[in-house]
Amino acid sequence: MTRRKLVAGNWKMHGTAADLDEVRAIAEAAQRMGGVIVALCVPATLIHRAAEAVPGFPIGAQDIHSAEKGAHTGDICAAMLHDAGASLTIVGHSERRDAHREDDASVRAKSEAALCSGLQVILCVGESDAERVSGKAVEIVSAQLDASLPHGAAADRGVPDRLAVAYEPIWAIGTGKVPSTQDIGEMHAALRSRLHAAYGSAGASVPILYGGSVKATNAAEIFAVADVDGALVGGASLKAADFLPIVEAAAAAA
Ligand code: 13P
């Protein structure tokens, strides 16, 4: 089965107008490369300017509120993201699950709100170091996915065309550590089976990305693993010179 390949950058809390040249360089090169969809999830303050700088290139958010509007100081809803020019959003990143105490139910609500509004979603799951050492990582992350996946009308509208899952082991994020290709393959196969359980045959079309210390030096090896359909890249997505070789590796594997 051919699934769409996706390489998304997560700029986290990095980037101001001074970095728009990197956005332009990434978008221009990515638009020339076939076989892989490239996107950048920038800070909320940069979405509008980034989207204007690179028309037609997918610019995304890193979080969304599940409500349509209301008394939620500091939060941003789907309509605002659309208005700013975003076409996708990350939900459930471990840094938000941890620092903002987002649980699976709130991640599900966010993914449903995003899909219902027409945004694409990259839904993140992943285990801690202690959970990996316990030998229960596959069980724990599978349960996390089951409880975070969108249901109902949102799933009907967004799966399989607008949902992607990102497996990001927390201990691999920003550390330079990466699971063995065997462990990545085992986890992605388990997540694929959970997607089938949730969505039937449509689950086969949802890309599963790997995230956590993806670099130009390890990308090809990671993309060669069965059921790895792309990457969610943090630090190495900030500069075109670091990010584009990762995109090229994905295009070569496509
Ligand atoms: P790094 O690529 O910096 O490890 O970050 C991964 C990540 O958290 C992407 O969402």
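Here the structure is a predicted model, which is why all the values come from computation and not from measurement. Counting convention: from 1, in listed order, for ligands and their atoms alike. Scope of the values below: all heavy atoms of this structure, side chains included, with no hydrogens, waters or symmetry mates. When a residue number appears, it is its place in the shown sequence, counting from 1.
Annotation: side-chain hydrogen bond (donor to acceptor under 3.5 Å, both in side chains) contacts of R194 (sequence neighbours excluded): D146. Judged as a ring pair (Phe, Tyr, Trp, His ring centres under 6.0 Å), and not counting sequence neighbours, the contacts of H72 are H65.
A side-chain hydrogen bond (donor to acceptor under 3.5 Å, both in side chains) with S148 is found for one member of R97, R108, K110 and no other, namely R97.
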Are any protein N/O atoms closer than 3.5 Å to the N/O atoms of ligand 1? If there are, list each pair with names and the distance to one decimal place.
{"from": "ligand 1", "atom 1": "2 (O)", "to": "G234", "atom 2": "N", "distance (Å)": "2.9"}
{"from": "ligand 1", "atom 1": "3 (O)", "to": "G235", "atom 2": "N", "distance (Å)": "2.9"}
{"from": "ligand 1", "atom 1": "4 (O)", "to": "G174", "atom 2": "N", "distance (Å)": "2.6"}
{"from": "ligand 1", "atom 1": "4 (O)", "to": "S213", "atom 2": "N", "distance (Å)": "2.8"}
{"from": "ligand 1", "atom 1": "5 (O)", "to": "K12", "atom 2": "NZ", "distance (Å)": "3.3"}
{"from": "ligand 1", "atom 1": "8 (O)", "to": "K12", "atom 2": "NZ", "distance (Å)": "2.8"}
{"from": "ligand 1", "atom 1": "8 (O)", "to": "H93", "atom 2": "NE2", "distance (Å)": "2.8"}
{"from": "ligand 1", "atom 1": "10 (O)", "to": "N10", "atom 2": "ND2", "distance (Å)": "3.0"}
{"from": "ligand 1", "atom 1": "10 (O)", "to": "H93", "atom 2": "NE2", "distance (Å)": "2.9"}
{"from": "ligand 1", "atom 1": "10 (O)", "to": "E168", "atom 2": "OE1", "distance (Å)": "3.1"}
{"from": "ligand 1", "atom 1": "10 (O)", "to": "E168", "atom 2": "OE2", "distance (Å)": "2.9"}

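W171 and E131 share no side-chain donor-acceptor pair at under 3.5 Å.
Under a 4.5 Å side-chain heavy-atom cut-off, the cluster of Ile, Leu, Val, Met, Phe, Trp and Tyr residues that includes L6 is completed by I37, L88, I90, I122, L209, L232.
Formation of a donor-acceptor pair under 3.5 Å by the D103 side chain with backbone atoms of S106 is found in this model.
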